Amino acid sequence: MVCSSFDNFLTAIDRFGFRVADSRDHLKSVNVAHSIFTQKFRASCAVYARTLELPAFGHGENHALLQVCDIISSALIDPIATLVCCTGQVANVHVPPGAAHLRQRFAAVPKDLPQRCGMSRVE
């Protein structure tokens with residue numbers, strides 16, 4: 001589902017891309033990568049045409065790229081999105097008024113960043 005959604009997104013914006021996935025279980029990552037490989041390169045009706053490569057899995061507690069993505073999401077994207085979507089609907093600490101400054105300063109930046117699709121758990 002994640003791969004199809006991402007490939008549809010890439011088709012809609014006429015771009016190519018790849019996925020970086022957080023993983024904590026090597027065996028599940030191998031199974032997922034094999035499954036995506038067989039779907040992408042099957043003889044009839046190949047899928048994920050806009051996806052350049054199989055997902056890259058970040059293993060370990062010190063995967064720098066995933067940490068950078070987490071920081072950008074936590075420090076910029078989530079506060080800006082919460083401000084935009086929840087102002088007037090929710091009045092608590094989770095709607096940070098200081099995010100207005102972040103939105104003004106960095107609103108154009110996330111448009112150029114890779115797309116991230118998070119799922120709580122995929123079995």
Side-chain angles (χ1 to χ4, degrees):
M1 179 184 78
V2 172
C3 295
S4 294
S5 177
F6 183 59
D7 207 67
N8 289 339
F9 168 75
L10 293 171
T11 300
I13 64 169
D14 194 26
R15 297 278 175 98
F16 293 90
F18 70 97
R19 294 170 300 275
V20 176
D22 188 4
S23 173
R24 290 176 181 82
D25 185 321
H26 178 72
L27 292 177
K28 288 182 182 177
S29 297
V30 170
N31 288 337
V32 168
H34 179 72
S35 176
I36 293 170
F37 176 86
T38 58
Q39 293 173 42
K40 182 170 176 57
F41 296 107
R42 65 183 172 198
S44 64
C45 190
V47 295
Y48 317 135
R50 294 281 177 167
T51 304
L52 298 172
E53 185 59 75
L54 299 179
F57 293 95
H59 296 285
E61 294 78 34
N62 192 23
H63 194 271
L65 180 58
L66 290 174
Q67 290 175 352
V68 169
C69 290
D70 286 342
I71 290 169
I72 291 170
S73 178
S74 298
L76 291 176
I77 297 171
D78 290 347
I80 293 170
T82 303
L83 177 78
V84 170
C85 297
C86 297
T87 297
Q89 306 294 320
V90 178
N92 62 29
V93 298
H94 300 293
V95 184
H101 172 71
L102 294 175
R103 182 179 184 203
Q104 184 178 24
R105 171 70 174 85
F106 297 104
V109 175
K111 292 177 185 175
D112 296 330
L113 294 174
Q115 296 297 313
R116 184 171 181 202
C117 179
M119 295 186 70
S120 59
R121 188 172 185 158
V122 178
E123 297 280 338

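Keep in mind that the numbers below use all heavy atoms, side chains included, and drop hydrogens, waters and symmetry copies. The chain is numbered in sequence order, starting from 1. All figures in this text were calculated on a predicted structure; none of them were measured in a lab.
Without hydrogens or angle criteria, T11 side chain to D7 main chain gives a donor-acceptor distance under 3.5 Å.
Judged as a ring pair (Phe, Tyr, Trp, His ring centres under 6.0 Å), and not counting sequence neighbours, the contacts of F37 are F41. In this structure, the side chain to side chain contact (heavy atoms under 4.5 Å, CB included) partners of V84, at least two apart in sequence or on a different chain, are I80, R103. For D14, the side chain to side chain donor-acceptor pair (under 3.5 Å) test picks out R50, with sequence neighbours left out. Residues satisfying the side chain to side chain donor-acceptor pair (under 3.5 Å) criterion with T87, sequence neighbours excluded, are absent altogether. Applying the side chain to side chain contact (heavy atoms under 4.5 Å, CB included) rule to T82 yields the partners C86, V95, P96; only residues at least two apart in sequence or on another chain are considered. Checked against side chain to side chain contact (heavy atoms under 4.5 Å, CB included), N8 has no partners two or more places apart in sequence or in another chain.
Residues F6 and I13 share a hydrophobic cluster, clusters being chains of Ile/Leu/Val/Met/Phe/Trp/Tyr side chains in contact below 4.5 Å. The cluster map of Ile, Leu, Val, Met, Phe, Trp and Tyr, joined by side-chain heavy atoms under 4.5 Å apart, puts I36 and V47 in the same cluster.
Shortest non-hydrogen contact noted between P79 and A99 is O-CB, 3.5 Å.
How far SG of C3 is from CD of Q39: 7.0 Å, rounded to the nearest 0.5 Å.
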